[in-house]
Structures are given as C-alpha cells and as structure tokens.
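The structure appears below as structure tokens.
Quick note: residue numbers are just sequence positions, from 1.
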Amino acid sequence: MAKNDKDHHHHQDEQVDHSKMDHSKHVGHSYHEDQVKEGIQDDSNPAKIHDDHAHHNHGGHDHSDHGHHHHGNFKEIFLKSLPLGIVILLLSPMMDVRLPFQFTFPYSDIVVAVLATILLVYGGKPFYQGAIAEFKEKAPGMMALISLGISVSYLYSIYAVVARYVTGDHIMDFFFEFASLLLIMLLGHWIEMKAVGEAGDAQKSLAELVPKDAHVVLEDDSIETRPVNELKVGDLVRVQAGENVPADGIIKRGTSRINEALLTGESKPIEKGAGDKVIGGSTNGAGILYLEVQETGDQSFISQVQTLISQAQDQPSRAENLAQKVAGWLFYIAIAAAFLAFVVWLYIADIQTAVLFTVTTLVIACPHALGLAIPLVIARSTSLGASRGLLVKDREALELATKADVMILDKTGTLTTGEFKVLNMETLDGQHTEAEIAALMAGIEGGSSHPIAQSIVQYAEKQGIQPVHFDSIDVVSGAGIEGNANGRKYELISQKALGRDVAVDVPKGATLSILVEDGNPIGTVALGDELKETSRTLIQALKHYNIKPIMATGDNETAAQGVAEELGIEYRANQSPQDKYDLVESLKNNGQTVIMVGDGVNDAPSLAIADVGIAVGAGTQVAIDSADVILTQSDPGDIESFIELANKTTSKMKQNLVWGAGYNFIAIPIAAGVLASIGITLAPAAGAVLMSVSTVIVAINAMTLKLRNRAV
C-alpha cells in the first residue's frame, strides 16, 4: 500500500522545481582552500565553505558597532582590567577634586602611573585596533574617539607626574578620567557583545548536509565507498535508509519518503520513486534508493546556494549606525576645538595654559555616557525580544528595519502552516450526510501514511466519526485510490481522473478529491495549506508601517495565488533560490531597504543578501545561520513584534545619544575656554557631575523600553 502511495496522491503533491537555478552564473566558481570536513580535497566539492566568512554575518553587517567582534573578548579584558582600574580610581583625584573614598601615600602617583601604563596596553588594545580599522576606512568613529580620550588623558597625566618630580610644581593629572573612561567603555562593549549573538556559519551548516562518502554501485553490483568529491555524473549510488543524499540525481530503483526541508523549509517528507529527482543534502526515509548522479561540484544545488550566500556576504552593509555617526562628529569637533583652544590660549596666555585647555577639551570630548548609551538599550531590547521569542543576532538589523520599504515573505511554514488540512467537505447526492462522507473517506485512506491521507483520517477523528471498514483497497496509478465496503465500490480520485467538473466552490490553491460510489460522485473534500491565524494581522501591521509585503514561494501558481489573494498582497510563484536572490537584489538596486523572511535552504541566499534577514524558527539551520534575526516560534505575529521592537529600540537609541553626547556639544567649547573672557569656564567638578548625570539618565531611559502586549 505505502509503496504506491506516491501514485495515489501524485496529483496532490506540490513539487518544487529547483532546475530554474541559473547554472551559467556559477561556472568556474572556485571555493577557498578551507574545508569543513577532513578528507575533502577537491575544489569541485560542494561541501567546501568560504571560511573567511565564518564569523561574519552578511553584507558586512557584522562590522557593527566599532568592529568589536574582531578585537578580543571584552568580558575577559574588562574583568582583568577592573582591579587595576579600581586601584587607580582610589588613588587619583577626579580633575584635582579629592573624593571621600580616595587616599594617597608617598609616591602613590608613581604607582598609579605604572598601573595606568599596564591598563593602557592591555585594556586599550581593542580600542586602538578598532581605531586603526576606522582610519583605514577613512571613517573615524567610536573607537577613534575612545582612543583619543584615553591616549590624551594618559600621556598628559604621565607628563604631569614627571613634571611634579622635576620642577616641583603641582600639575593636575587625568588618571581618574583615563581609568573610568576605559572601564566604562570596556563594560559597554561587553554588555553589547553579551546581548547580541554571534553570527552562525551558514556555509558550514550547508556543507554538513552533504555526507562525506557515497556508496557507489559497480558493474558487478558490488558496493564501493567513495569520497563524495570523487563522484562523477552517471555514477549509480545507493542511499541507505536515514542517510543524506550525497549528490543531485534521478532515482533509478526503489521508493522512499524524502525530507526536502532544505528546499521547502518544512519537514513534510515527499514520497519519491523511479524517475523522480532528488537533491544532494536531502534526507532519505525508510526505503533504500538507487540514484544516478546528475550534478556534482559547482553545478550541484547546495554548491550554488553556497555561491549565492558568499556573494551576499560580500555586499556592503547599508546600516547607518547612529552611534558611529555621533562619535565621528564628536571626534572632528573635539580635534577642531582642541586645536583652536591651543592656538588662542597660546596667543593670549602661555603654553602651559594652552596645553591644559587643549587636554581638558579632548578628555571632556569622550563622553562616558556614550559608551553605555547604545549597549544598555541593546541589552534591554535583547531581553525584551528574547521573552517574546525574538533573537536579534545583528543589532544593526534593528536600525535597518525602521527604514524598510519592502518585506519579502516565504509562503510555506511562514504565512501558512505547511501542513495539509481539510478545508471543507461536502455531500453531492443529498442521500449521504457529511459525517457519512467523512467516515467513508477516512476508511478508504486508513491504510495510507501519506500526509494528505492522514489529514483526512485526523479530520474524522476530531469530529468523532468512526471510519467505515473496507474489505479491500487498491491504488489507481496517477488517479487516486479505490476499495470495496458494504458490497459497494468506492473511489477517491482527482477531478481530472473523474473526467468532469463537479459544482463545488474550491478554496483558492486547494486540492479537490472526489468520493465516487458505484460510478456516482457522492462527496468532495478540499485539502490545502492553511493560513496561520496571525498572517492577516501581520499584513495589516506592515501596511501600517508603510512596508510593502511581497510573497515569494517555490510553490506553484495556483497555490501561491490563493494565499496571496486571501491576504491581498503581491506574489511571485515557482521561485528558485536564484529567483529569490535576484528579487531581493533588484529591489535593493532600486534603492529600497528589504527585509526577507524565510525558513528553508532555498531562502538562505536571500536572507543573507537582504538588508534584514529574519529566519522563522521551524526552519533549517542554514536559514537560521544566514539571518540577522531568529523567531523561535513560527508565528507571523512575531514578525510584527520585531518591527515594533526595532522602532522602539531605535527611538530609545536616538534619545540616549542625545543624553549621552548632547552635553558634550555644549561642554567642549566651554572646556576650550570660549567663554573664559566673560568669566565662564567649565570647573572640573562641574564637568564630572554633568558626566555622571548624563550616564544615569541614559541608564534609566534604557530601562523604560517596553513592548505592548499582543493579542493572542
């Protein structure tokens, strides 16, 4: 019975054709020399990966805030720097003002100078590395600003200590400011790194789908185990039950259920037999298959998906990164103000006064609050998101999502359940009740393990209907199924097999099967992929945010049109991974900011190239690794929550940047002495109080970030 299941429901299965992949674009593509698994040596092997992207998210997005993913473990650096910093804070006055908890002893300033040197070399290293990277990109920002602040405060303080012992004059040092700035910046980066997950490695997850070895059937029917990269087109390969398929090919012998989650993103296995295509990386079910290899190396499906992902990773990010921008402005303002202060004070006073005003300006310019402004919001946003099942891997996705113009949504498993359900059941002859029709259908389908058959059986169970006992059941190849019960002959067949139309309203995209009794149609069942409950509210929310929804699916025109019309959105049907990738790329090239939502390997390249990639949690590891945001549930309502979270988080970031850096735009000119002529200068204690107040405001403001409760 199960063996021929495929034929009986052949008309009902929606097959996805991946042959549309544009092979010509990838010919001659060469993979890097790094391999995922031992023993893989050949460049043609699809299991190879681009290792240089292993820890980058797509589109350069992982170059997020100040490039901190590349400069060491901030937790470890902070915790090791903390004891040194605390000692410096206890022994150094704050801008010459001694605090109640501070103390000194003979030569304590020399001890502080030594500790500060160690702290600069160890704790300051990631900031200097980041600053160098920023200068190379000709875009000084946060790292450059921090490096400027700690360098100036350290160098001037060393000069102050040396001068005290050489000249005997008391010169104010900035060791307190140096240590507090370095510790707060390290803490801020640690908070942010803890909040934002590291990008997964989509290339590696893809490669792991392909087995290392294949069982090749020789001419004498013996089996030879051969590395996958040595397979040639035309080889006959045996795939054992439970194994992953080693290469793209056509089944020559055997039937089995194939899990093509990598194609559809859903785990519903598809019954396949002789003549059907299978894709390398899909998982074989209980049967043994013999398949002829059709594609290897760069031409294989997985290899082409890898190529698309690596192309996407090479695209630059379009995130603005507000904190970087503000830090960049402050950097240039500080340099300009310090230069002017030096020139003016050198002219109207002396070099010592000029240097002091210059140094004070540069130290004030690097705000402590700015180091915490974004990380505290991110930490709060992340914990809020996690409580709703939203995991944000790349914080720049939050900023980009607020500027989104288009959202491309996969259909199966994203907008729909991905499972066949009975949409309606009708009686045709007036002599049978719906319950009787359901009992007959459940009886004739009772022996089948096909997902569509199971959905009919489950429908009857839920209605409390006892299936009719059938004496015999046979499969009618390409048409459906037939059987005998109570002395009558019944058939459950497609409308095409019946040969005439029946006057029934079929839901868009649904599959209609007709129950025939002794040649007369007596009932119908419409089966289809059901919309998720929150899909409609998601579409309404997107329109509220002025984001245009487009559904892109690998499913056929009829199925796609049905869902799209029900939701009132644009759609693209029969989409291969290349098609989806090209769609995202063309929209981006038209200057639009694109969010992509998907769950399968076929979505992975477009998740990677989109400005924001959202993987729904029921999907494949490859999709999850390619995305910036993961929704742990497969609920479309969570996409709406993410858009809300993005807007509220970005709003809080902007507020905190105003509080964290705003006072600096006022304090820098005053520190430079522009109002000294009318008796207004920034007293060190006043500067310190302003700094502390802005830091406290930033922390409180971050904690007020909240999401509204969504109606379930």
* **Heavy-atom side-chain proximity of V278 to D276 below 4.5 angstrom** => no
* Any side-chain donor paired with an acceptor under 3.5 Å for T704 and K652? -> yes
* Does any non-hydrogen side-chain atom of T255 lie less than 4.5 Å from one of K272? -> no
* Asked: When you measure from the side chain of N656 to the backbone N and O of V698, does any donor-acceptor pair fall under 3.5 Å?
  -> yes
* Salt-bridge present (E640, R708; N to O < 4.0 Å) -> yes
* Report yes or no: do E565 and Q561 form a side-chain donor-acceptor pair below 3.5 Å? => yes
* Side-chain heavy atoms of S455 within contact of L527, under 4.5 Å -> yes
* To do: List the atom of K706, the atom of L384, and the distance in Å for their closest heavy-atom pair.
  => CA-CD1, 3.8 Å
* To do: Report yes or no: do E585 and N589 form a side-chain donor-acceptor pair below 3.5 Å?
  => no
* Asked: Which heavy-atom pair separates A397 from V629 by the least distance, and what is that distance?
  -> CB-CG2, 4.1 Å
* Asked: Any sub-3.5 Å donor-acceptor pair from S586's side-chain atoms to L583's backbone N or O?
  -> yes
* To do: Check the surroundings of atom CD in E533: do more than 12 heavy atoms from other residues, nucleotides or ligands lie under 6.0 Å from it?
  => no
* Is there a donor-acceptor pair closer than 3.5 Å between any side-chain N or O of S535 and the backbone N or O of L415? -> yes
* Side-chain donor/acceptor of N284 to backbone N/O of V239, under 3.5 Å -> yes
* More than 12 foreign heavy atoms under 6.0 Å from NZ of K532: is that the case here? -> yes
* Any side-chain heavy atom of T649 sitting closer than 4.5 Å to one from V377? -> yes
* Does a salt bridge link K580 with D603, judged by any charged N lying under 4.0 Å from a carboxylate O? -> yes
* Asked: Is a side-chain N or O of S383 found less than 3.5 angstrom from the main chain of R380, in a donor-acceptor match?
  -> yes
* **Closest non-hydrogen atom pair between D638 and R388, with its separation** => OD1-O, 3.9 Å
* For the student: nearest non-hydrogen atoms of E434 and E426, plus distance -> CG-CA, 4.4 Å
